[in-house]
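Take a look at the structure below.
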Amino acid sequence: MTTTFNPTKISKNHSEAPEVPTLGSELLIEVLTDRCAGCQECLIRCPTGAIGLDTDNWIVTVDSALCVGCGQCERTCPFSAITIDGTPKVAPSERHYLQNRAIPAIAPWEETRSGFSNLEAVLAEASRCLSCPDPTCVRGCPAHNDIPAMIASIREGNLDQARSIFEATTHLGSICSRVCNQAVQCEGACSWKLAGNEPVAIGLLERFVFDNSEIHAPHIEASSSMKVAVVGSGPAGMSAAWEFVEAGAEVTVYEADPIPGGLLNHGIPEFTLPSEKVSEVWKSLSDAGVKVELNHRVSQDDLQDFTEKLDAIVLANGASSPIRPSVQGLDRPNVIDAMAFLAAYGEKLGAHNDTNAIEGKKILVIGAGNTAMDVGRIAIRFGAIPTCVEWVTESFARVRSDELEEARHEGVSVRFNTTATLITDGKATLVTTQQSDPKVLPKLIPGTEEIVDADIVVLALGYRLGSEFGQLAPQAPFRASESTKPDDNWITSGIFSGNHNYNRSIADLSWKREVAVAAARSPYAANVFVVGDALVGPSSVVEAMASGREAARASIRAHASKK
Ligand code: SF4
Ligand code: SF4
């Protein structure tokens, strides 16, 4: 037996629910009443009040007129008692005008990805958000930013309030909105995406808010006797410093580079993340009293001294040891790692080499992730001829699709299913690979060898913890792989049934991020915390930021409880 509409006997109060978009064809939502157990999982997740409960028969009822077809109910019903047919009533995404923009023919040094500049488009995009009662987007965001509340403030035209809402959980909104891979974070978990539609452009909305509202200084709540050291000034260190200074602590940050920002400076080029976005956060921190010791690489003696004298130490050193593939010839002098290349030519550290040094050179980049794209795009800007090779199949590669598109448009040759097997003087041997299952390593196809010119070879396969950190903190935990699987709460929330990226469900990815961030709350020694990539290996900027935040908050709580 099925029902398409019954009078609702009990329904939620949706007086504040967003206006239902009127687009899309008629939807047919049906409850298979012989399957419905009246558990109301769907009722509490429906964002529009389309579902009610018939208390006489203890089954849910639906109002097709209110249904927008987001699919939360169909996805979360444990008994598969709801079906939806028809096109969802979702307004078209406003990000299309950015996606269709002309990419400049000559690769510029200035930021290449534009954000919304038109308030009408911003408001139209914000109106697509359903203010879901179970906002899966928040769980997809490693920082757990309150996305629906931020978007509601945009709809009210209150950008300052929107910024404040995000600042409860992030100090790096203008940075994360530019460098997060939203497809596997907030936007990948948006209800619209989970229902197979274009997600709300959360990253672009966040960027608009942070670029168009006044920068807030740290809000120092009280003075404290706490004295702390933060080692590393990347996203994890910045976030920890912000939390500590807001708690009234005396904070000193130690940075080995000549400018603060860590990976945000030497790992991300200007055309992806303008340096002013990093320096404005540091200015706020400095104005609030955070001291920064630049060109200071913390030694074991320093750490011993800090441990004896300070209330807390946060080690946010990052992961800096390049992953080296098993390719013959990697010890040749023309082989360098991506971070060295970016530091030399990426401009932000202001110390790049002779700009003519690589003009006309053939550069072979091993890897085709975001860092490899950065290397290739910088090489293009210096007149070099870069080729990135990646042995996995393109659809399984860990690269932002817009980053790949831009790199190719600028002239970077990106070859998937290709790997290098031998590096000699000025040459490399490439081989074609085959991979149809992302869980199975690619196979080399015999007889496909080709020899190509390779004046410089750049390793861009990612980073792991360096031995330097092991010497500094030999007892530090390292939690590179968490095998914990999502529990039932995550599955019934609907997030588990999200589309797959990198052949991993959004739930699986976000659960691992959750476990990694939570791990940062436990000190490894009495007053020493390890955070970010130093704790879990290479992660994203927002994960590192959340990790630094959690360690600082845990440390502040522990200090307060001693009083
Ligand atoms: S911090 Fe990143 S994941 Fe979180 S809402 Fe912003 S763009 Fe999305
Ligand atoms: S952004 Fe998407 S998941 Fe989040 S509240 Fe809005 S519609 Fe729901």
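Keep in mind that the numbers below use all heavy atoms, side chains included, and drop hydrogens, waters and symmetry copies. Order of appearance sets the numbers: ligands from 1, and atoms from 1 within every ligand.
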Applying the side-chain contact (heavy atoms from CB on, under 4.5 Å) criterion to Thr272, which one of Met373, Arg377, Glu111 satisfies it?
Arg377
Given Ser174, which partner from the list Arg163, Glu280, Glu276, Glu206 fulfils the side-chain contact (heavy atoms from CB on, under 4.5 Å) test?
Glu280
Taking 2.8 Å as the limit, list every protein N, O or S atom around atom 4 (Fe) of ligand 2, by chain and residue number.
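Near atom 4 (Fe) of ligand 2, the protein supplies Cys137 SG.
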In terms of residue, atom name and distance, what is the protein heavy atom nearest to [atom]?
atom	value
atom 3 (S) of ligand 1	Gln185 OE1, 3.4 Å
atom 4 (Fe) of ligand 1	Cys141 SG, 2.4 Å
atom 2 (Fe) of ligand 1	Cys180 SG, 2.4 Å
atom 6 (Fe) of ligand 1	Glu206 OE1, 2.1 Å

Within the structure, is a non-hydrogen atom of Asn145 found at a distance of less than 4.0 Å from ligand 1?
yes
Counting distance only, does the side-chain N/O of [X] pair as donor-acceptor with the main-chain N or O of [Y] below 3.5 Å?
X	Y	answer
Asp63	Ala65	yes
Arg35	Ser80	yes
Glu187	Gly203	yes

Minimal non-hydrogen separation, Lys277 against Asp211, with atom names
NZ-OD1, 3.3 Å
Phe271 vs Trp109 aromatic rings, parallel, tilted or perpendicular, using cut-offs 30° and 60°?
tilted
Which atoms of ligand 1 have any heavy atom of [X] under 4.0 Å away?
X	result
Cys176	1 (S)
Gln182	7 (S)
Val542	1 (S)

Is any NZ, NE, NH1 or NH2 atom of the basic residue among Glu125 and Arg207 found under 4.0 Å from an Asp or Glu carboxylate oxygen of the other?
no
Thinking salt bridges, do Arg128 and Glu198 make one under a 4.0 Å N-O criterion?
no
Arg549: partners by salt bridge (Lys or Arg N to Asp or Glu O under 4.0 Å), with sequence neighbours left out:
none
Test of understanding: given a 4.0 Å heavy-atom threshold, classify the contact between Glu187 and ligand 1 as side chain, backbone, both, or neither.
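No part of Glu187 comes within reach of ligand 1.
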